Amino acid sequence: MAYELYYWDGIQGRGEFVRLALEEAGADYIDITRQPRRGTSAMIDIMESQSEPHIPFAPPFLKDGDLIISHVANILFYLGPKLGLAPADEGLRHVVNGLQLTVADLVAEVHDTHHPIDMSLYYEDQKDEAKARSAAFIRERIPKFLGYFERVLRQNPNGPHHMVGDALTYVDLSLFQVIEGLTYAFPKATASRKAEYPALLALHDAVAKRPNIARYLASPRRLAFNEEGIFRHYSELDSAG
């Protein structure tokens, strides 16, 4: 039975972290809201169900048969062993999960650069606050997060080719997406600091060349970044740091 992925249609967003794992593994999955029949309404029906015992708060969530799993890190923790994208060692699986949760923290901060005051307001309603938040994010938080991930890579006893262990895990794929997203949202800021993260950028490039990922990136299944998703480019928010 195919996995069912539920996320908003038209944007990469948080759902893309799950898509990358499914695509790398060549897993059979259905991107439900992109289907011509029902689509987004099928997702809303589950979220607003008055009888489903395990309703998710928000997408993305994954259905595997009758099981519903929500939150990116939780979904990937579940899928990782099934897709061959998690270490065999149980302890290291929790290390990978901790790194994925750190990615989730970073993604939340990226979102807050363009919606620092109120999620229900448009970006245009909070532009001044967004500019101040983005400046702080570029100055303090990008180097904090990327510097940490760079150190984890360099200090991997198995070499700086993977975040954990000696084989690809889902967090490697997620960090590829982080670099892609930051490059789109803050091209000047990202370009100005690239020399500080050689191992992380090498990981990004290696992931992009993996056969299944390369095919996915060239396919219509890979949605383009846009100003409705998590990573948004507003030139007035970007600076060289």
Side-chain angles (χ1 to χ4, degrees), residues 11-27 72-73 76 79-80 83-87 92 95-107 109-110 137-138 141-226 229-233 238-241:
I11 61 174
Q12 292 183 19
R14 292 178 174 87
E16 194 67 11
F17 294 97
V18 182
R19 289 190 195 100
L20 285 167
L22 293 166
E23 291 284 346
E24 165 61 25
V72 171
L76 292 173
L79 284 177
L83 301 181
L85 292 172
L92 289 181
V95 172
V96 172
N97 185 50
L99 291 167
Q100 189 66 46
L101 288 165
T102 307
V103 170
D105 290 341
L106 170 57
V107 170
E109 293 197 25
V110 169
F137 178 75
I138 290 168
R141 304 305 287 170
I142 288 181
K144 184 80 169 180
F145 279 105
L146 296 193
Y148 166 71
F149 290 128
E150 178 77 12
R151 283 190 291 117
V152 171
L153 265 174
R154 290 183 177 182
Q155 293 169 206
N156 182 352
N158 292 284
H161 304 296
H162 302 291
M163 292 295 291
V164 178
D166 60 358
L168 186 83
T169 67
Y170 58 79
V171 78
D172 295 321
L173 301 170
S174 291
L175 283 167
F176 161 82
Q177 178 66 6
V178 165
I179 298 300
E180 288 281 293
L182 290 176
T183 300
Y184 173 79
F186 304 106
K188 292 179 182 178
T190 304
S192 72
R193 306 198 76 119
K194 277 189 173 182
E196 300 174 31
Y197 316 113
L200 198 55
L201 293 175
L203 174 65
H204 165 274
D205 294 348
V207 168
K209 293 175 183 176
R210 294 183 68 85
N212 284 357
I213 295 298
R215 280 191 290 270
Y216 170 58
L217 297 178
S219 78
R221 297 190 305 281
R222 171 73 164 186
L223 299 169
F225 286 105
N226 58 55
I230 300 294
F231 295 98
R232 304 185 185 185
H233 175 64
D238 186 23
S239 70

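Side chains are part of it too, since the values below use all heavy atoms of this structure and drop only hydrogens, waters and symmetry mates. Everything numeric in this text was worked out from a predicted model, so none of it was measured.
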Between the side chains of Glu180 and Gln12, is a donor N or O closer than 3.5 angstrom to an acceptor N or O?
no
Steps toward ring pair (Phe, Tyr, Trp, His ring centres under 6.0 Å) verdict (Phe186, Phe231)
CA-CA 9 Å; Phe186 304 106; Phe231 295 98; 8.5 Å; no
Carefully, step by step, assess Glu23 and Asn212 under the rule side-chain contact (heavy atoms from CB on, under 4.5 Å).
CA-CA 6 Å; Glu23 291 284 346; Asn212 284 357; 5.8 Å; no
NZ/Lys144 to CG/Asp105 distance, rounded to the nearest 0.5 angstrom?
12.5 Å
For the pair Ser174 and Leu76, evaluate side-chain contact (heavy atoms from CB on, under 4.5 Å) and give the outcome as yes or no after the intermediate values.
CA-CA 10 Å; Ser174 291; Leu76 292 173; 4.0 Å; yes
Please give me the minimum heavy-atom distance between Ala27 and Leu83, naming the atom from each residue.
CB-CD2, 3.9 Å
Are the side chains of Leu203 and Phe149 in touch, meaning some heavy atoms are under 4.5 Å apart?
no
When you compare the side chain of Leu175 with that of Leu99, does any pair of heavy atoms fall below 4.5 Å?
no
Distance col, row Arg221:CZ vs Leu22:CG, nearest 0.5 angstrom, shows 11.0 Å
Please confirm whether the backbone N or O of Val207 pairs with a side-chain atom of Asp172, one donor and one acceptor, at under 3.5 Å?
no
Without swapping roles, check the side chain of Ser192 against the backbone of Ala189 for a donor-acceptor pair under 3.5 Å.
yes
Decide if the gap between the ring center of Phe17 and the ring center of Tyr170 is smaller than 6.0 angstrom.
no
Carboxylate-amine/guanidinium proximity below 4.0 Å for Arg222 and Glu16
yes
Any side-chain heavy-atom pair of Arg154 and Pro198 under 4.5 Å:
yes
Nearest atoms (heavy-atom pairs only) where Ala199 meets Glu150:
N-OE2, 3.0 Å
For Asn226 and Arg232, the nearest pair of non-hydrogen atoms, with its separation, is O-CG, 4.0 Å
Any sub-3.5 Å donor-acceptor pair from Ser219's side-chain atoms to Tyr216's backbone N or O?
yes
From Arg193 CZ over to Leu201 CG, what is the distance, rounded to the nearest 0.5 angstrom?
12.5 Å
Rounded to the nearest 0.5 Å, what separation is found between the OG1 atom of Thr190 and the CD1 atom of Ile179?
7.5 Å
For Ile11 and Leu223, the nearest pair of non-hydrogen atoms, with its separation, is O-CD1, 3.4 Å
Is any side-chain heavy atom of His162 closer than 4.5 Å to a side-chain heavy atom of Leu168?
yes
Testing the basics here: between Ser239 and Ile138, what is the closest heavy-atom pair and its distance to 0.1 Å?
N-CD1, 3.8 Å
Rounded to the nearest 0.5 angstrom, the CE-OG1 distance for Met163 and Thr102 is 8.5 Å
Mind checking whether Phe225 and Tyr184 have parallel, tilted or perpendicular rings, split at 30° and 60°?
parallel
Side-chain contact test, heavy atoms from C-beta onward, threshold under 4.5 Å: evaluate it for Ile213 versus Leu217 and give yes or no.
yes
Identify the two heavy atoms, one from Lys188 and one from Asp238, that lie closest to each other, and give their separation to 0.1 Å.
N-OD2, 2.8 Å
Nearest-0.5 Å distance that lies between atom CD1 in Ile230 and atom CD in Gln177
10.5 Å
Measure up the Phe176 and His204 rings against each other and bin them: parallel (under 30°), tilted (30 to 60°), perpendicular (over 60°).
parallel
With a 4.5 Å heavy-atom cut-off, do Leu106 and Val110 have their side chains touching?
yes
